[in-house]
**Student:** 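Dumping the structure here so I can ask a few things about it.
What's counted below: heavy atoms across the whole structure, side chains too, no hydrogens, waters or symmetry copies. When a ligand or atom number is given, it counts from 1 through the structure's own listing order.
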Amino acid sequence: MKNILLFGAPGAGKGTQSKKIIEKYGLIHLSTGDILRAELSGNTELGKEARTYMEKGELVPDNIVIGMIEQKIKKNATAKGFVFDGFPRTIEQAKALDKLLKNNNTEISLMLALKVETEELKKRMKIRAEKENRTDDTAEVIENRIKVYKEKTTPVAEHYKKQNKYTGVSGMGTVESIFAGVSLVIDKI
Ligand code: AMP
């Protein structure tokens with residue numbers, strides 16, 4: 001199994017690049033944001049609980065997202081590998097993921113970090129808000145999501161740097177030029 005952890009701030013292009021990666025390399029896309037949004041539109045109990053956090057740009061509690069990922073990994077036990085998008089977002093989630101993968105005799109092969117300047121992130125999220133009608137892309141919530149990313153999520157990069165799994169790639173430019181950089185790194189593993 002090859003498991004790629006696509007890392008980056010909100011608006012860095014993780015969703016867009018994930019889609020291209022799974023197409024080219026035949027991996028399974030696991031986006032906690034997408035799974036949570038599906039729960040929200042299904043108006044499930046989990047969705048109702050998650051909504052209060054998501055609308056404020058706060059993180060949904062670790063136990064909820066870890067449980068979701070655990071189920072998806074179990075369901076896809078024979079996959080060639082996974083692209084984790086928007087997960088893990090805390091050190092606790094990273095430790096839980098390492099354990100889950102170890103129990104399945106596999107591990108994170110690579111953390112690929114998309115590097116994008118903060119002003120560009122805000123610009124992209126504003127455009128996305130208009131296109132996708134996402135309620136968590138308002139100016140105030142965007143500021144909070146970036147703050148939460150810096151405080152709670154950036155330590156996750158340190159966690160995988162210690163394991164020598166981290167590679168940074170420029171997330172600035174066109175979708176295709178970014179994907180060219182992404183592919184170069186993935187081809188090495
Ligand atoms: P995303 O689409 O990845 O930007 O996620 C949208 C929102 O879903 C985030 O702002 C969080 O409220 C929530 N969320 C997504 N993934 C996670 C995660 N791994 N841990 C906690 N909350 C998450």
Side-chain angles (χ1 to χ4, degrees), residues 3-22 27-74 82-101 108 111-116 118 120-160 171 175 178:
N3 300 301
I4 298 169
L5 213 158
L6 199 56
F7 191 75
K14 299 187 296 291
T16 307
Q17 294 297 323
S18 290
K19 286 192 190 101
K20 297 184 75 68
I21 295 170
I22 58 162
L27 304 173
I28 303 251
H29 184 200
L30 290 186
S31 155
T32 39
D34 285 352
I35 302 168
L36 287 167
R37 276 184 290 277
E39 297 281 345
L40 243 70
S41 29
N43 214 18
T44 63
E45 282 309 311
L46 196 156
K48 281 182 209 158
E49 194 182 346
R51 185 188 297 275
T52 54
Y53 299 94
M54 293 171 79
E55 281 181 347
K56 287 184 266 180
E58 295 293 333
L59 295 182
V60 172
D62 286 337
N63 62 325
I64 296 185
V65 284
I66 291 167
M68 279 170 15
I69 286 288
E70 185 175 9
Q71 278 184 12
K72 295 281 177 188
I73 292 176
K74 269 195 195 147
F82 299 100
V83 176
F84 294 96
D85 162 7
F87 179 91
R89 262 175 155 101
T90 63
I91 289 286
E92 281 312 306
Q93 291 179 22
K95 287 182 181 162
L97 178 63
D98 290 350
K99 215 188 261 177
L100 280 175
L101 292 176
I108 291 295
M111 170 185 257
L112 221 164
L114 292 172
K115 312 198 67 98
V116 178
T118 306
E120 174 69 14
L121 293 175
K122 291 183 189 170
K123 221 194 291 171
R124 287 186 193 174
M125 277 195 275
K126 254 192 212 157
I127 296 171
R128 186 168 72 184
E130 286 156 18
K131 272 195 195 154
E132 296 179 14
N133 199 20
R134 268 178 67 160
T135 51
D136 60 347
D137 276 347
T138 61
E140 198 185 322
V141 179
I142 286 172
E143 287 295 336
N144 195 39
R145 292 176 71 204
I146 292 174
K147 181 168 161 265
V148 168
Y149 169 77
K150 285 185 178 156
E151 284 174 11
K152 303 211 170 125
T153 306
T154 51
V156 174
E158 296 306 315
H159 177 85
Y160 289 101
V175 169
I178 298 165

**Student:** Could you tell me if the side chain of L97 sits less than 4.5 Å from the side chain of I73, heavy atoms only?
**Tutor:** yes
**Student:** Is the closest side-chain donor-acceptor distance between N144 and Y149 under 3.5 Å?
**Tutor:** no
**Student:** Return a table of N or O atom pairs, ligand 1 on one side and protein on the other, at distances under 3.5 Å, rounded to 0.1 Å.
**Tutor:**
residue, atom, partner, partner atom, Å
ligand 1, 2 (O), R37, NH1, 2.9
ligand 1, 2 (O), R37, NH2, 3.0
ligand 1, 2 (O), R134, NH2, 3.4
ligand 1, 3 (O), R89, NH1, 3.0
ligand 1, 3 (O), R89, NH2, 3.2
ligand 1, 4 (O), R89, NH2, 3.1
ligand 1, 4 (O), R145, NH2, 2.6
ligand 1, 12 (O), E58, O, 2.6
ligand 1, 16 (N), T32, OG1, 2.8
ligand 1, 16 (N), G86, O, 3.4
ligand 1, 16 (N), R89, NH1, 2.9
ligand 1, 19 (N), T32, OG1, 3.4
ligand 1, 19 (N), G86, O, 2.9
ligand 1, 19 (N), Q93, OE1, 3.0
ligand 1, 20 (N), Q93, NE2, 3.0
ligand 1, 22 (N), V60, N, 3.0

**Student:** Name all residues meeting the salt bridge (Lys or Arg N to Asp or Glu O under 4.0 Å) criterion together with K152; count only those two or more places apart in sequence or in a different chain, and write none if there are none.
**Tutor:** none
**Student:** For a quick test of your reading: what N or O donor-acceptor pairs under 3.5 Å do the side chains of residues 37-49 make, sequence neighbours left out?
**Tutor:**
residue, atom, partner, partner atom, Å
R37, NH2, D34, OD1, 2.9
E39, OE1, T44, OG1, 2.6
S41, OG, R37, O, 2.9
S41, OG, A38, O, 3.4
T44, OG1, E39, O, 3.4
T44, OG1, G47, N, 2.9
E45, OE2, K48, NZ, 3.3

**Student:** Do you know the tightest heavy-atom contact between S31 and H29?
**Tutor:** CB-NE2, 3.7 Å
**Student:** Check ring pair (Phe, Tyr, Trp, His ring centres under 6.0 Å) between F87 and all other residues, then give those that pass, not counting sequence neighbours.
**Tutor:** none
